[in-house]
Amino acid sequence: MPELPAVPALLATAVEALGGKARTGQQTMAAAVAHSIDTKEHLAVQAGTGTGKSLAYLVPSLRHAVHTGRTVVVSTATIALQRQLVDRDLPRLSEALAKVLGRTPKYAILKGRNNYLCLNKINSVIPDDSGEAELFDAFAISKLGREVQRLNEWASDTETGDRDELVPGVTDRAWRQVSVSSRECLGKGRCPFGVDCFAEKARAESGQADVVVTNHALLAIDAISGVQVLPEHDVVVVDEAHELVDRVTGVATAELSTAAISAAARRCTKLIDEQEVDRLEAAAESWHQLLEELPPGRWDRLPEGAAPVLAMIRDAAWNCRTALGPQTGGAAAADPEGAAARNLALSGIEEVHDAAVRVLTTFDDDDPAARRDVVWLAAEEVRGIARRSLHMAPLSVGGLLRSRLFGTSTVILASATLQIGGSFDALAVTWGLPPQSAHTVDPALANGAEAPSDTGSVRWNALDVGSPFDHAKSGILYVAKHLPIPGRDGLPPAYLDEIQRLVTAAGGRTLGLFSSMRAAKAATEALRGRLDTPVLCQGEDATGVLVRRFAEDPATSLFGTLSLWQGVDVPGPSLSLVILDRIPFPRPDDPLLVARQKAVESRGGNGFLAIAANHAALLLAQGTGRLLRSVDDRGVVAILDPRLVTARYGPYLRASLPPYWETSDPEVVAKALQRLTAAAV
């Protein structure tokens, strides 16, 4: 095979073909990614909005794949970025580089099996009975029927069976009627629809691709399960890497509820002896009674009476599992519907059994610092019905990522926000990488595991390629130092007055990011009666619809929670002001973060700084990053919480933000907003 052009030449070819302009940050990042792939050293790269980071990692990835014949996996956190890569970036880039690479690179998208329609299930009559409140709601039942009918019609038209291609979408309950998990699947060889299976087709296509786009959840499943889900690969690019730990933690989190136990028992009906089903139902009732008597919150030890009930659940589930027996290929071929029902029952039973065992083994060790899992009882309301469930989540996923991800592939971690407090170390240690500085607290391995050493085999580099934006000239960071410290009783009147003053000066054009949905709704209700410009609120319509309305009318403001930032990308004069009502510290009763904080403190570290402050800093950086989306944007980030400049941790948090020009003078900010408004008219 002839020698391929170097990455700088390939990038220049791609940029020219796509009608772009050379960007220093993009060139630097592409060279660094290529170097890491060549040296097999991991790389964390921070690339600000407007850098063109997807092109910077796709070009060296495609070159490596074509040159070696090995697949590169690109993992993202959001559907929006997946679609951008597969629908826009990769098609254009593959075409642009086809001639110089000697062939047109191939790409594919791969998701978890339950994201694809199951032809066997949609052609059977096996309902996925979850026992939820809809069973007693005639309207919900009729809505479910309409959605399933629509899915049946769509099954005849779709070429991919991918849920994300169904617009508008359907509820999770409806989708469960036509999809299966990996545990529930019969397998290609045993399923009568195996040849036409959408999930198998996607997997086969990914096996022939140079670049496979997936999500952090599937990347985690591939690492955690020990079963190969992704095609063979030697390089992984993790875009939106700031989300990696949370997504992996989510996949590794289990739940044990009365509804899940009862649903597993019902799935076994008519498949095994009735007595075994009755024993599991009795265990579910005992579990329900126990949870109703206990207060919500984290379990530092097993409550009195919990161990025998968990043992009852474990043993009853195992007896059902034994009675169900193994699934044989011959039985599946002769009776595919019966085999599917048996696999569905097995899946539910195994999940219940494994969850009960996980709780019991967590408390085998009397030393809380040595436990790998955090266990807590959650109480919530689902469709007006109180529901309690026990949750289990890993105290850390750093060790898992270190051995199963960084230990098997060269990993490129990219995001617009990876530096916290001016350093990559805070996120690096949560990934299981050794800190680059000698005195960094290691919250990721605060479970008693040995901290990684710089003399170990894991090597990584960090790079901040900067941003094309001149933040100090384009944006102002305004901290309302004169306001009172926020309390827990909602937005103080002074905050509402401040928001009114700022939005009025901006002529609308405001994205308000609040600490809770309650605060966002309260601000919306109060200010609609005090402003002459319209205010939209998250939840009043689909987020995409609200963002479009916000972008189309510059006088409109949009209020919501900090989670809203992921759906907002509005360059231009429609967004001149971003307001955050308070520093987004985690809830003081968040069981997992509190446990991680205490674990750091038990090792002599600063738990507040390592966990709570880092959590807040990352959200602040992400939220304030909504302001400047193009080089021509101008505006103000207004943080109403005075602690950002008055508290000891204030400088640490501000070091995580872009280098805006800073002020606490309300008059300066009001005049700046008025000038921007006048210039935009």
For the residue pair [X] and [Y], establish whether any side-chain heavy-atom pair is separated by less than 4.5 Å.
| X | Y | answer |
| --- | --- | --- |
| Val594 | Gln597 | no |
| Ile420 | Leu427 | yes |
| Leu405 | Val411 | yes |
| Arg358 | Val375 | no |
| Leu360 | Leu302 | yes |
| Gln538 | Met517 | yes |
| Val211 | Leu90 | yes |
| Lys111 | Gln82 | yes |

Pair [X], [Y]: side-chain N/O donor-acceptor within cut-off below 3.5 Å:
| X | Y | value |
| --- | --- | --- |
| Glu41 | Ser36 | no |
| Asp239 | Tyr57 | yes |
| Ser409 | Asp234 | no |
| Glu184 | Asn343 | no |
| Asp89 | Ser54 | yes |
| Thr78 | Glu240 | yes |

Any donor-acceptor pair under 3.5 Å from [X] side chain to [Y] backbone:
| X | Y | result |
| --- | --- | --- |
| Trp431 | Leu413 | no |
| Asp210 | Thr71 | no |
| Ser415 | Leu418 | no |
| Arg654 | Leu644 | yes |
| Ser347 | Leu344 | no |
| Thr410 | Ile37 | no |
| Arg388 | Leu291 | yes |
| Glu205 | Gly207 | no |
| Asn115 | Gly112 | yes |
| Arg203 | Arg113 | no |

Which pair of heavy atoms, one from [X] and one from [Y], lies closest together, and at what distance?
| X | Y | answer |
| --- | --- | --- |
| Gly607 | Glu601 | N-CG, 3.6 Å |
| Gly623 | Val578 | O-CG1, 4.0 Å |
| Ile611 | Leu593 | CG2-O, 3.7 Å |
| Ala30 | Pro60 | O-CG, 3.9 Å |
| Ser516 | Thr561 | C-CG2, 3.7 Å |
| Val374 | Ala595 | CG2-CB, 3.6 Å |

Next on the checklist: Please evaluate residues Tyr116 and Arg163 with respect to the criterion side-chain contact (heavy atoms from CB on, under 4.5 Å), reporting the C-alpha separation (whole Å), side-chain torsions for both, the decisive distance (0.1 Å), and the verdict.
Outcome noted: CA-CA 6 Å; Tyr116 300 96; Arg163 181 180 181 179; over 6 Å; no
Anything under 30° is parallel, anything over 60° is perpendicular, the rest tilted; go ahead and classify [X] against [Y].
| X | Y | result |
| --- | --- | --- |
| Phe406 | His42 | perpendicular |
| Trp299 | Phe363 | tilted |
| Phe585 | Phe608 | tilted |

Quick one: [atom1] on [X] to [atom2] on [Y], what's the gap to the nearest 0.5 Å?
| X | Y | atom1 | atom2 | result |
| --- | --- | --- | --- | --- |
| Asn215 | Ile221 | CG | CD1 | 7.5 Å |
| Thr160 | Leu117 | OG1 | CG | 9.5 Å |
| Leu562 | Leu619 | CG | CG | 5.5 Å |
| Arg582 | Leu620 | CZ | CG | 12.0 Å |
| Ile261 | His353 | CD1 | NE2 | 12.5 Å |
| Met392 | Leu256 | CE | CG | 5.5 Å |

Assess whether a salt bridge exists between [X] and [Y], defined as any Lys/Arg side-chain N lying under 4.0 Å from an Asp/Glu carboxylate O.
| X | Y | result |
| --- | --- | --- |
| Arg321 | Glu350 | yes |
| Arg298 | Asp300 | yes |
| Arg314 | Asp354 | no |
| Glu380 | Arg387 | yes |
| Arg404 | Asp222 | no |

Checklist entry - Just wondering, are more than 12 heavy atoms of other shown residues or ligands nearer than 6.0 Å to CD in Gln228? => result yes
Item to check | Stepwise side-chain contact (heavy atoms from CB on, under 4.5 Å) check, Asp464 with Gln419 | outcome: CA-CA 8 Å; Asp464 180 3; Gln419 291 194 78; 2.9 Å; yes
Next on the checklist: What verdict does the side-chain hydrogen bond (donor to acceptor under 3.5 Å, both in side chains) test give for Gln26 and Thr51, after you've listed the backbone C-alpha separation in whole Å, the side-chain angles of each residue and the deciding distance to 0.1 Å?
Outcome noted: CA-CA 6 Å; Gln26 186 181 65; Thr51 302; over 6 Å; no
Checklist entry - Under the side-chain contact (heavy atoms from CB on, under 4.5 Å) criterion, do Leu463 and Gln46 qualify, and how do the steps go? => result CA-CA 6 Å; Leu463 173 69; Gln46 177 168 284; over 6 Å; no
Item to check | Test side-chain contact (heavy atoms from CB on, under 4.5 Å) applied to Leu230 and Leu218, step by step | outcome: CA-CA 8 Å; Leu230 298 170; Leu218 196 62; 4.0 Å; yes
Next on the checklist: Apply side-chain hydrogen bond (donor to acceptor under 3.5 Å, both in side chains) to residues Tyr652 and Asn614 and explain how you reach the verdict.
Outcome noted: CA-CA 9 Å; Tyr652 180 79; Asn614 284 346; 2.5 Å; yes
